[in-house]
Structures are given as structure tokens and as C-alpha cells.
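Notes for the one structure printed next.
Just so we're on the same page: letters track the sequence lines, and every chain starts at 1.
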Amino acid sequence: MKHFLVWSPVTVPGAAVKYSVEFQGEYERDYANDSWIPIGECTGISVTQCDITEDISATVPYDLRVRAGVGTQASHWATLSSFFNRVTTSLIPPMLTVTADGYHLLVELERLGPAFEFWIYYWKKGQGHKVYRKVVKDSSTTLHMDTMEAGTEYCVKAQTYVEAINRSSNFSQVQCVRAEGKAIL
Amino acid sequence: LAERSPLIQQPIFSSTNFENIFTWKSWGEPLPGTVYDVQYKKYGDAWQNKSECQNITRRSCNLTLETENFTECYYARVRATVPNCCVSEWAESSRFYPRENTIIGSPDVKYTPSVNSIKFYVQPPATPLRDKDNQILTVVDIFSQIGTTFEYELTIHCQKTKQEWVKVNNNNEFEISDLYPNTEYNGTIHIRYSDKISKPYVFRAKTLSDTTW
Amino acid sequence: SLKQLHFGHCMVSVDMYEMRKGFGDIKEMTQSQDQHTSIRLLHGSHSLQNTKSEDRCCFFHYLLKFYLVNVFNQCTEGNNFHQRRVSRIANNFLSIKKELTLCDTVTTCSCGKEANQRYEQILNQFQRMDSHSAAVKALGELDILLDWIDKT
């Protein structure tokens, strides 16, 4: 889950415009006098986007605001038109690399961070009715799925699941590989 | 005895496999005759003297028994005394959680290569702690008691195909089959528990030659 | 990393990963500020998991409100990093409390004698200290509370 705040640039001829971003969770509204918290990494920046993933870390509505500054002058805050809740995030299918090492079916996954689980489905080509599933947590290595029958082709697809928001992505493309040796007919 | 600037640095617990040793360093070369007194406590309680670590010259104290409840949190502190001179301030550890702060050593592993497979038997590291029947507890016994999930993670590298992959196993006996005969495989075995991982056991094994042809 | 707590017929999910990560980043600094290590608010003997099951929902509700009202807003000074980590924990507490409040309609969170007694002891100890030191101590004991939740 990656969340970014983006905004359109402000141009002031001959001046370097800097932007600063602040966030406010429901806690700050309800219990901390409507306070705002600056995002250190997005204070006095010149790009027009800010990675807010680390701060949008609860499943509650957040408000965000940004303002432009030139020297000591600062614009009014521009605030979201409606609160942002991370349950609305969209999950894209994971990138997957399937290989065979002799009789071993291997899968390499992209690293998406600890909030993600990968649901990996694999089956013998032509036997789509018998699908095996493995749930894998955050991983950055090539994982052993299973031992394959000689000369047989196996197919794999995967989707991600984020428990915190109880949502999953669509499936990745199906990829098939063949085990070494001759198939026993 | 006049008090002087602290003679002690880095009072910390260093813990491996739930053996909890309180250690500290001296600020510069200790003055002749310097001795140390150690106290400990469970967080929220009063300080207690560690009797075996009073007037000691070494700079470590084994507090394993005093901190054996691995779900609790503890503090230790030490003070230096230089005879006919001075006494230092107490130097206190940070809050110590055996369960979170202990380092898990590498497991002991027996492995048996065959023609097309290698069989592994993983023995988790022992701890100094014992159960009600005075049996030694391993780190896995302790994880099980506190409900921590753990796995045995094998990383294996095939010299022939140069491929490396990871296999996660739930019990400590497992076999990797369908390997090439007469081929060298090397790799590591870790115990992985919640978000932590043990030190690795490093292995190098060769499958037997296939003499059936 | 999502812990499901069952209170009667309803269930509350707690994102343990977010809270442990958030607290883990400020734990050492927070606990080192606690100078009163002979005082403890969350005692093992009065833990959530050792509370009678019918009182657990209410006791848990008390604890959430205690942290939201008395603790987090006292710990917002310090650097930006510390502020953001306290916000992360606080907003997760609020998310749990909202679910627990929904729970109340499904399964009444009955507040028996045990829940009240335990909470009163925590509050009395907290109020015997100066407010800032008490808040720092309570924040420093979050891992004890997270352990309680894990074991419940």
C-alpha cells in the first residue's frame, strides 16, 4: 500500500516555490484540538508530490493539506475536498517470476512490504480443477513451491492480500514452466 | 567517600538463547582496587542486591535466574567503589525484555545426503531454563509457551544450476528431494519467529553418486 | 499481523503490526524518559487476559479511552518523528475503539466490579504522578498492553 499526495504546481516567475505538507487523523480531530502534524520529509520541498504512506497508518479518515511558500511568504492551505481512508486504496496484481530448477517449482515475488500477503496458486497444466494454494508473507527471495513430476508443465498465478484493510488484488498473469526429464504417460 | 563522575559506561543486558548477562564497561582504565555492586529488579518493583555480584572485580553478572520470566521486563544497575576514594553513581540498564531482546543462536543440524535427496534434522538451541520436570527448555519450547509462531527456513544453492531458493518448513525434520546426484548443495538454516530470525546454521552437502547404471 | 479479539458475539480487529512498528520506533526513547521505574501502571496480575471474560470488553474499552484521553495528547511534544509515531498509534487505537463501540450495540460491554476495580487502580496510580511523567510512563508501557492484547 503506497499512498501519495499530489498537487498542481504554483508558478511565481523568477522565484523558487517550496511546498509543505501536513496531515491530520481522526484522533487529531477528535482528541487533539484539531491539530495538524507536519510531514518532515515534505517540508520545504520543490516537487509536487509527497509519499504519505508512513503516516496514513490506520484505517480511519485522514485529512491532508499543502501550501506553497516563497521566502517568508506562504499561501493559504489547500486541503482535500474529502477525507482519505486507506480502505479505498487499489491493489494491483503482483509481479511474479516463475522458474524451474530441475524438478523444483520456484517463484520469485516483488517486495511490497510487511502489510502484504501473497496468495500463490499453482496446478498441473490441463488439471485446472486441482489447484494448490500457498500463502506467503513478505519475501524477497526465490521461494520453493513444490516438487514437480518429471517432464510435466505447471502453471502459477498470484494475488496480493492486505489484512489491515481486508482487500486483495486481481490475479497476476498465469505463467507456466516445465519440469526436467520425460513425462511418465 | 566522595562521589565522583561515573566510572561506568554502557550498562546493558546481552542475551543469547535467554541467557541474560548484565555487562558494563569502565570509563578508561579502572583504578586499582575498583569493585562493583550489582542490583536488579522487575519493572515496577524495588531494587534487590544480586548477592553473587557484590564487591566483584569482573564487569559482568549473570542474571539469568533473576530474569527467567521471559514475559516480564527488568532493569539492572551497577555501581563502582574505589577503596579509600570514592563511589560512582548507579549506572542503569534500559528496560530489558528477555522475550524481545534475546538473540537466538544458530540451530544444530544433522543432515543425511542420499542420491537424490538430503534429509535434515534441526535441533533448536537450548536455553538455561528448565521446565517443571527439570528438563532443559529449547528456544522453540519457549516460543510455543508464549504463542509465538516459528518456522524453519532453509536456503539452498545448487552448484550445478547455480539456482538458489528458500523452503519454509513447520517442523524440524524435513527432506529436500528430487535433487541431482553427485552434486554439491550449500546453504543455511534459520529459525524464524514472529518478525525475528536466528543466527544461521551453514551447511555444505553433496548428494551421492547414482550407481544404478 | 491482524489480531481478532472476540467479545461475546462480536469481533474487533487490531492491527498489531502497525502498533508494534509505531511503538518500536519510539520505545527506547520513551522508556528512557521514565525515571520512576519502581512504579508500574499495567500490572501483570491485572492483565486483560486475566480479566473475567464478561468484564474484558469493558476493561479493554476503559484502557483504550484512557490512552486516547489521558496519554497520547500529553506525548505530542518532541521531534516530528516522535509526533508522527504517536499519531500512528493513537489513530489505530481510535480505529479499534470505533469497532468496539459498534460491538457495544451487538454485545453489551457489561462493566462489572472487576473491570471497574482494575481500571480504578490504573487511574489512581496514574493520577498520583505528575501528568507528564505519568503520560510518559503509560506510553512506555504500551508494549505491555500490546502483549495483553496478543494473549487475549
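Separating the OH atom in C/Tyr119 from the SG atom in C/Cys111 is a distance of 11.0 Å, to the nearest 0.5 Å. For the atom pair CE (A/Met95) and OG1 (A/Thr160), the distance works out to 12.0 Å, reported to the nearest 0.5 Å.
Each of A/Tyr161, A/Tyr132, A/Phe171 was evaluated against A/Trp119; a single residue qualifies, A/Tyr161, per the ring-ring contact (aromatic ring centres under 6.0 Å, His included) test.
Near-neighbour residues of residues 39-56 of chain A relative to chain C, defined by a heavy atom under 4.5 Å from a heavy atom of that chain, comprise A/Ile39, A/Gly40, A/Glu41, A/Glu54, A/Asp55. Listed in order of number, the residues of residues 26-33 of chain A that approach chain C to under 4.5 Å between heavy atoms are A/Glu26, A/Tyr27, A/Glu28, A/Asp30, A/Tyr31.
For the set C/Gln83, C/Arg84, C/Arg88, the entry with the most heavy-atom pairs within less than 4.5 Å of chain A is C/Arg84. Of the listed residues C/Asn73, C/Leu68, C/Asn79, the one with more heavy-atom pairs under 4.5 angstrom with chain A than any other is C/Leu68.
For C/Phe72, the parts lying near chain A are the backbone and the side chain together; criterion is any non-hydrogen pair under 4.5 Å. Interface residue C/Ser95: backbone and side-chain heavy atoms are both found under 4.5 Å from chain A. Of the atoms belonging to C/Asp15, it is side-chain heavy atoms, and not backbone ones, that fall under 4.5 Å from chain A.
By the 30° and 60° cut-offs, the orientation of the rings of C/Phe126 relative to C/Phe66 is perpendicular.
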* Going through the distances and angles, do A/Gln24 and A/Tyr62 end up as a side chain to side chain contact (heavy atoms under 4.5 Å, CB included)? -> CA-CA 6 Å; A/Gln24 178 191 75; A/Tyr62 281 84; over 6 Å; no

* To do: Test C/Glu18 against A/Arg86 for salt bridge (Lys or Arg N to Asp or Glu O under 4.0 Å), laying out the working first.
  => CA-CA 13 Å; C/Glu18 286 291 359; A/Arg86 66 178 184 173; 3.3 Å; yes

* CA sep, side-chain torsions, deciding dist, call: C/Asp25, C/Arg20, salt bridge (Lys or Arg N to Asp or Glu O under 4.0 Å) -> CA-CA 8 Å; C/Asp25 289 344; C/Arg20 283 205 188 274; over 6 Å; no

* **Working for side chain to side chain contact (heavy atoms under 4.5 Å, CB included), residues A/Glu163 and A/Phe116** => CA-CA 7 Å; A/Glu163 198 180 19; A/Phe116 282 81; over 6 Å; no

* To do: Quick one: do A/Glu149 and A/Lys124 satisfy salt bridge (Lys or Arg N to Asp or Glu O under 4.0 Å)? Show the steps, please.
  => CA-CA 9 Å; A/Glu149 288 168 19; A/Lys124 270 191 240 172; 2.7 Å; yes

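No side-chain donor-acceptor contact under 3.5 Å links C/Asn124 and C/Arg128.
Using a 4.0 Å cut-off between a side-chain N of Lys or Arg and a carboxylate O of Asp or Glu, C/Asp130 and C/Lys137 do not qualify as a salt bridge. Salt-bridge annotation for C/Asp147 and C/Lys151: absent, with no side-chain N of the basic residue lying under 4.0 Å from a carboxylate O of the acidic one.
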